[in-house]
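Worksheet: the structure to be examined is printed underneath.
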Amino acid sequence: MAGNEQEFKIVTGEKDNTIIVLFLGQIRSQEVLELEKLLTSLIEKPQPSVIISFRDVTQFLPGAHSAWAKIQSALRKSGKLLAVCSFKPEV
C-alpha cells in the first residue's frame, strides 16, 4: 500500500485486571463492524480496566467516529475503567 495507508488491525492482550487493546493502521467506516465485535468482546471480559492505544494509528476517519463514541460509552456504562493513550494530534 502506498503512503500512509495501512491495513487495520486490532491486537489485544490480557494481564490480571487489565485488557490492553492496540489499534494499528487506518480506522475508517469499513472497520466499524470489527470495532463493534471488539466492543462485545471487551464487555464480556471479566477485567475491570481497559487500556486502548492509538500509537500505531495512521488515520482515524470520520466514518468511524460514532463507533468509537459507542465503544467509550458502552464500556463506561458496563462499569469498566477506560484509559486512552497515544492519540497523536495529527491523527
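- Shown here for Q47 and T18, the closest heavy-atom pair between the two residues is CG-N, 3.7 Å.
- More than 12 heavy atoms of other residues, nucleotides or ligands shown are found within 6.0 angstrom of NZ on K88.
- Take K45 and apply the salt bridge (Lys or Arg N to Asp or Glu O under 4.0 Å) test, not counting sequence neighbours, and it matches E14.
- The two residues A74 and I43 come nearest to each other via the heavy atoms CB-CD1, 4.0 Å.
- If you chain together hydrophobic residues whose side chains sit under 4.5 Å apart, I20 and V57 never meet in one group.
- Shortest non-hydrogen contact noted between H65 and L61 is CD2-O, 3.3 Å.
- The shortest distance between side-chain heavy atoms of L82 and I71 does not fall below 4.5 Å.
- Here the shortest heavy-atom pairing between P48 and N17 reads CD-O, 3.2 Å.
- For W68 and F87, the distance between ring centers is not under 6.0 angstrom.
- Both L38 and F60 belong to a common hydrophobic cluster when Ile, Leu, Val, Met, Phe, Trp and Tyr are linked at side-chain heavy-atom distances under 4.5 angstrom.
- You'll find the side chain of D56 stays beyond 4.5 Å of the side chain of F23, heavy atoms only.
- By the rule that hydrophobic residues join a cluster once side-chain heavy atoms approach within less than 4.5 Å of another member, I52 and L35 end up as members of one cluster.
- L22 and I27 are assigned to two separate hydrophobic clusters, defined by single-linkage of ILVMFWY side chains at heavy-atom distances under 4.5 Å.
- We find the CD-CD1 distance between E34 and I10 to be 4.5 Å, quoted to the nearest 0.5 Å.
- Applying the salt bridge (Lys or Arg N to Asp or Glu O under 4.0 Å) rule to R28 yields the partners E31; only residues at least two apart in sequence or on another chain are considered.
- In this structure a side-chain-to-backbone donor-acceptor pair under 3.5 Å is present from S78 to L75.
- Closest approach of V50 to K80, counting heavy atoms only: CG2-CD, 4.3 Å.
- A chain of hydrophobic side-chain contacts below 4.5 Å, direct or via other Ile, Leu, Val, Met, Phe, Trp or Tyr residues, connects V84 to F8.
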